[in-house]
Protein chains: 2
Amino acid sequence: MAKAAATMHGQRTPCQHCPLRSLPHFREFERDELNFISGFKKGELLVDAGATIFLEGAHSAHLFTILSGWGFRYKTLEDGRRQILNYVMPGDLIGLQGSIMGEMQHSTEALSPISLCVFERTELMTLYNSHPPLAFDLTWIASREERILDEHLLSVGRRSAVERAAYLIAYLHQRARALHLFNSSKVIPITQQHVADTLGLSVVHTNKTLKKLAARKLLLWQERGCEVLDGDGLAELAGWDGLDSGKRPFI
Amino acid sequence: MAKAAATMHGQRTPCQHCPLRSLPHFREFERDELNFISGFKKGELLVDAGATIFLEGAHSAHLFTILSGWGFRYKTLEDGRRQILNYVMPGDLIGLQGSIMGEMQHSTEALSPISLCVFERTELMTLYNSHPPLAFDLTWIASREERILDEHLLSVGRRSAVERAAYLIAYLHQRARALHLFNSSKVIPITQQHVADTLGLSVVHTNKTLKKLAARKLLLWQERGCEVLDGDGLAELAGWDGLDSGKRPFI
DNA sequence: CGTGTGGTTGAACAATGTCAAGCTCTGTGG
DNA sequence: CCACAGAGCTTGACATTGTTCAACCACACG
């Protein structure tokens with residue numbers, strides 16, 4: 001199932017030349033902050049599509065920032081039922097929950113090949129001591145995740161199947177677009193099984209639901225993913241206001 | 001509908017004698033931290049049952065810690081469908097999301113009379129600058145909320161109606177018990193409408209689902225609330241591991 | 001060539017929602 | 001003290017939504 005290949009490198013991209021920092025989506029950093037983070041970064045990690053980055057129950061010594069690629073966080077029940085909680089994309093810090101509170105209570109898997117910046121959990125407290133604005137950013141990052149989960153919960157709990165699907169695709173589209181991820185592929189690299197497990201639906205019903213959206217010319221389902229034709233139309237159908245457009249911090 | 005009565009007091013309970021601090025559930029504080037927080041606290045606020053504490057879209061200048069009472073966070077769709085996101089109880093910090101990120105994107109309402117400690121948003125950065133361990137606690141608090149939302153999402157997305165209901169009641173029971181909230185009443189002060197809006201079900205179906213749990217002698221539905229007969233049984237039925245039993249910080 | 005993964009479809013069935021009515025409290029005003 | 005109204009709970013009949021099962025298809029890959 002999961003090809004668990006992972007390769008560790010020494011530091012390749014220095015934070016000062018991080019390709020993500022030039023995106024208008026992220027806030028600017030002080031030189032001092034940048035230097036600190038560069039020292040905080042221990043190296044880079046490459047994982048294959050399908051690889052598990054974190055497993056529920058683990059106590060990881062590391063946390064990561066996604067440099068490139070797509071992945072998702074999920075939880076499972078004992079009998080195998082799976083719920084996808086959220087998707088991770090470049091600039092996202094993963095493993096913070098586990099680093100702050102101890103044990104990881106969800107798993108994280110790669111949807112595409114992913115490259116990661118590696119940080120060490122034990123050095124987190126140094127960050128809090130020496131760089132209060134970065135500490136604030138960490139709380140900001142956790143609050144943002146909370147906010148997104150609020151919206152997902154509203155979606156799964158109260159939106160109809162069509163609305164839910166429309167919301168999910170609109171959400172992924174907005175995030176990916178802000179990160180300029182559609183320069184090469186234009187396709188969101190998920191299967192209908194992923195959509196089903198995110199929306200709390202069966203694959204069969206998900207398939208029929210996506211067909212309805214395709215019939216309305218809102219999206220197109222390709223091999224290995226989804227192409228968005230009308231992101232605003234999807235958001236409107238879902239009754240969703242869209243994401244914050246302001247700049248956000250990242251570590 | 002909402003009786004919006006609220007009364008502001010000067011500081012009544014000094015943080016050094018906060019009744020919550022003596023609970024084994026919370027972590028101990030340094031004298032220095034306690035002094036800082038005591039200065040951070042601007043007063044106390046009393047709100048009636050049914051009152052709205054935060055409204056979606058507002059930019060509140062304050063954040064609060066619950067001293068006593070029950071409440072809940074929720075979001076609504078334009079046509080009125082409501083999703084309850086989580087419940088708030090003594091020791092919970094509310095309004096952090098809004099304080100960190102700007103606008104509040106959910107509402108908060110009191111289930112019972114609530115007393116609140118009042119803090120000012122503008123002084124948050126002082127906390128980050130002067131007390132790194134407290135800053136860490138704030139991130140911890142945000143991460144904890146995230147973790148709870150993860151579990152809720154799993155519940156609403158993948159558990160059956162009976163499992164969901166069992167999980168919710170077990171969850172509320174465990175939290176309230178850890179806070180010694182059942183000394184007086186033994187009853188969780190919610191209506192079946194609240195349960196329905198938390199689980200993403202209709203009230204009618206919720207009623208029938210709760211009857212099944214009552215038939216199994218797991219709980220008892222009273223006027224104005226729910227009494228738990230077998231918390232472990234509920235958790236087991238839901239396939240839920242329960243909350244962390246460790247101490248947690250609070251501000 | 002097989003084989004596997006992911007997508008598609010229809011039919012039977014189960015879970016949940018909607019509607020409508022009635023019931024039991026509690027609080028309120030006459 | 002009684003009548004009434006409203007909130008919350010309960011129940012049954014029926015409609016809708018979503019699930020399960022069982023095929024089958026198309027394509028990529030070894």
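Here is the naming used below: chain letters follow the sequence lines, and residue numbers restart at 1 for every chain.
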Can you tell me how far [atom2] of [N] sits from [atom1] of [X], to the nearest Å?
{"X": "Trp221(B)", "N": "dT11(D)", "atom1": "CH2", "atom2": "C1'", "answer": "18 Å"}
{"X": "Gln222(B)", "N": "dC25(C)", "atom1": "CD", "atom2": "C1'", "answer": "14 Å"}
{"X": "Gln193(A)", "N": "dG7(C)", "atom1": "CD", "atom2": "P", "answer": "9 Å"}
{"X": "Asp79(B)", "N": "dG17(C)", "atom1": "CG", "atom2": "C1'", "answer": "15 Å"}

**Prompt:** Given dG7(C), is OP1 or OP2 found less than 4.0 Å from the side-chain N or O atoms of Asn207(A)?
**Reply:** no
**Asked** Given dT8(C), is OP1 or OP2 found less than 4.0 Å from the side-chain N or O atoms of Gln192(A)?
**Response** yes
**Minimum heavy-atom distance Ala166(A)-Leu213(A), with the two atoms named** = N-CD1, 3.8 Å
**Request:** Write down the atom of Tyr87(B), the atom of Asp92(B), and the distance for their closest heavy-atom approach.
**Result:** O-OD2, 3.8 Å
**Request:** Using a 4.0 Å cut-off on protein heavy atoms (strictly under), produce a 5'-to-3' string for nucleotides 12-30 of chain D with B for base contact, S for backbone-only sugar-phosphate contact, and - for none.
**Result:** BB----BBBB---------
**Asked** Are side-chain N/O atoms of Thr191(B) and His194(B) paired as donor and acceptor at under 3.5 Å?
**Response** yes
**Item:** side chain to side chain donor-acceptor pair (under 3.5 Å) partner of Asp150(B), chosen from Gln105(A), Arg73(A), Lys75(A)
**Value:** Arg73(A)
**Asked** Is Glu151(B) salt-bridged to Arg159(B), cutoff N-O under 4.0 Å?
**Response** yes
**Message:** Working to the nearest 0.5 angstrom, can you tell me the gap between Ser115(B) OG and Phe64(B) CZ?
**Reply:** 12.0 Å
